[in-house]
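I have placed the structure first, in the form of structure tokens, so that the comments after it can refer back to it.
All chains are named by letter (A, B, ...) in the order of the sequence lines, taking the proteins before the strands, and each is independently numbered beginning at 1.
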2 protein chains.
Amino acid sequence: MEPLRPVVLERLIQYYRYLFGLTGQRSVETVTSAQLGAALDIDPTQVRKDFGAIGLVGISRVGYEVSEVSRAIRVVFGFDRPYEAILVGAGHLGKAILNYPGFSRYGLEIAAAFDNDPEVIGTEIAGLRVRPIRSLKPFVRKHAVRMAILTTPVSASQALADRLVSSGVKAIWNFSPTRLTAPRDVLIRNQYISVGLAQLAYHLNGPAGGSPSRISTPEKPSKDRSPTQEN
Amino acid sequence: MEPLRPVVLERLIQYYRYLFGLTGQRSVETVTSAQLGAALDIDPTQVRKDFGAIGLVGISRVGYEVSEVSRAIRVVFGFDRPYEAILVGAGHLGKAILNYPGFSRYGLEIAAAFDNDPEVIGTEIAGLRVRPIRSLKPFVRKHAVRMAILTTPVSASQALADRLVSSGVKAIWNFSPTRLTAPRDVLIRNQYISVGLAQLAYHLNGPAGGSPSRISTPEKPSKDRSPTQEN
DNA sequence: AGCCCTTCGTGAAAAATTTCTCGAACCCCT
DNA sequence: AGGGGTTCGAGAAATTTTTCACGAAGGGCT
């Protein structure tokens, strides 16, 4: 099966998130493409095609089995094989991410947090003791960590990214508002939230003012709770 | 001029962010579409079309004037006419957002923060005293606030969104991992960051493993510094 | 057991987006 | 002042993504 296009991945995550709300209420064991489409504002045909693309087959007059859809999506993304990641930069945002409880649904487990501020090193955040940057490489090597979450100031990002790469990390989720560069075999995902802000601003203050509404992060979706979270 | 499509808005923000890095170094007064394209991995033709769409004209053998491009983008989004927003939910993420210093580039000014936790109310975050939810409506009315940033637990999001709407807010930047509903004239921007995580996971753990790399928030982009930020 | 009505699966059509090709503009250099 | 090489601007082509239209499958009801 050829790799799924980003657009498809994005929709799959939307479906996945929507299903969370369903599994809560037992007795709901199936969903129809029409139901998903109406809830997420996606054409039902599109839903069926996406499902078909990951090998899901529905039942004619019934729809798709919730548990099966959920499982299929988990498999596609590899959420069923939990992976460890480390977080670099225990500032405000880093703290917020460490405290976000919803990542397990995406197979992510944050194994350690690093920072270079002596004031912060040694403190405990969300049950994790913050380690000095110095110990980053040994840790990554020892635990064979492949993913890193970067929540550092722009000024330090690239240098730390390089360091992560040389330590063996293969994927970086970058939250600092800078475009990072890395070798081809390392995946960088720049998480620029200002895109969302800009879209709101455009509709609110821009030229013509109001036009279509309801926009979602093409790229950025998730799930959870407790004063302040992510997704 | 008909409204710009979301894809275009997204690229414009990418250009805007890229230009930040340029204005630092004086002597750089122009950019070419080729330069922008190479840096952001966007086809040069696309860059020119986007610029043309917002009325920018380049100079033949030179390119575009950095300051003019920047100004044009600010005008399109309305960043040149600062607007006030309030933040609801002063948890970890809310705190991180309040401390993020880069929003002014996008015209955003956070005027107040609200929470319903007695422990938090009254404390000061990033120079802002946290107010009780009770005072939300009066504040919005009095200051004619049109935008709200929602960083509350999923369980409270919809109720608060409704409250914001009834108070007169016209745009909600939702960080809780739930799809919110609101009247048609209210814009909701769901900021789901898990999309980014999922894309990384897919390339890392998914089916075929490695394929193309370097992905950015469609949705989603921004700029800044200090241990922990956003964009 | 048979009919009806939903819902899937698909191929074709439509729309949107990106990429290609080129002519024209025009700064720089000699 | 003229030649050259670079960069824009635009129309056309290619590609991707979304939407439409329908046949087929298969529960549920009488």
Mind checking whether A:Tyr16 and A:Tyr106 have ring centres under 6.0 Å apart?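 Yes, close enough.
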Has the side chain of [X] got a donor or acceptor atom that lies under 3.5 Å from a matching backbone atom of [Y]?
| X | Y | answer |
| --- | --- | --- |
| B:Ser104 | B:Gly107 | no |
| B:Thr151 | B:Gly89 | yes |
| A:Asn174 | A:Thr178 | yes |

All ring-ring contact (aromatic ring centres under 6.0 Å, His included) counterparts of A:Tyr15, not counting sequence neighbours: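 For A:Tyr15, the residues satisfying ring-ring contact (aromatic ring centres under 6.0 Å, His included) (neighbours in sequence not counted) are A:Phe51.
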Answer with base, sugar-phosphate or nothing: what part of the nucleic acid does B:Gly63 contact at a heavy-atom distance below 4.0 Å?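 Sugar-phosphate, backbone atoms only, no base.
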Regarding B:Phe51, tell me which of base, sugar-phosphate or nothing describes its non-hydrogen contacts under 4.0 Å with the strands shown.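 No contact.
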Taking side-chain contact (heavy atoms from CB on, under 4.5 Å) as the test, write out the residues that go with [X], two or more places apart.
| X | answer |
| --- | --- |
| A:Asp43 | A:Thr45, A:Gln46 |
| A:Ala111 | A:Glu84, A:Phe139 |
| B:Ala201 | A:Phe79, A:Tyr83, B:Asn205 |
| A:Ala171 | A:Met147, A:Leu187, B:Leu200, B:Leu204 |

For A:Asp80, all residues meeting side chain to side chain donor-acceptor pair (under 3.5 Å), sequence neighbours excluded: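 Checked A:Asp80 against side chain to side chain donor-acceptor pair (under 3.5 Å); zero matches.
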Would you tabulate the side-chain donor-acceptor contacts of residues 56-69 of chain B under 3.5 Å, counting partners in other chains and residues two or more places apart, or write 'none'?
{"unit_1": "B:Glu65", "atom_1": "OE1", "unit_2": "B:Ser67", "atom_2": "OG", "d": "3.4"}

Pairs: protein N or O with nucleotides 12-17 of chain D N or O, under 3.5 Å:
{"unit_1": "D:dA12", "atom_1": "N6", "unit_2": "B:Lys49", "atom_2": "NZ", "d": "3.3"}
{"unit_1": "D:dT17", "atom_1": "OP2", "unit_2": "A:Arg5", "atom_2": "NE", "d": "3.0"}

With B:Arg105 as the cation and B:Phe20 as the aromatic partner, state whether NZ or CZ is under 6.0 Å from the six-membered ring centre and within 45° of the axis.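 Here B:Arg105 passes the 6.0 Å and 45° test against B:Phe20.
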Name the pairs: protein N/O against N/O of nucleotides 21-26 of chain D, kept only if under 3.5 Å.
{"unit_1": "D:dA25", "atom_1": "N3", "unit_2": "A:Ser60", "atom_2": "OG", "d": "2.3"}

Hey, could you give me each pair passing ring pair (Phe, Tyr, Trp, His ring centres under 6.0 Å) that has a residue in residues 147-167 of chain B? Not counting sequence neighbours.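 Checked against ring pair (Phe, Tyr, Trp, His ring centres under 6.0 Å) - neighbours excluded - no pair reaches residues 147-167 of chain B.
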In residues 31-39 of chain A, which ones come under 4.0 Å of DNA chain C, going by heavy atoms?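 Heavy-atom contacts with DNA chain C come from A:Thr32, A:Ser33.
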Outermost DNA chain C nucleotides near chain B [under 4.0 Å, heavy atoms]: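 Counting from the 5' end, contacts occupy C:dT17 to C:dC27.
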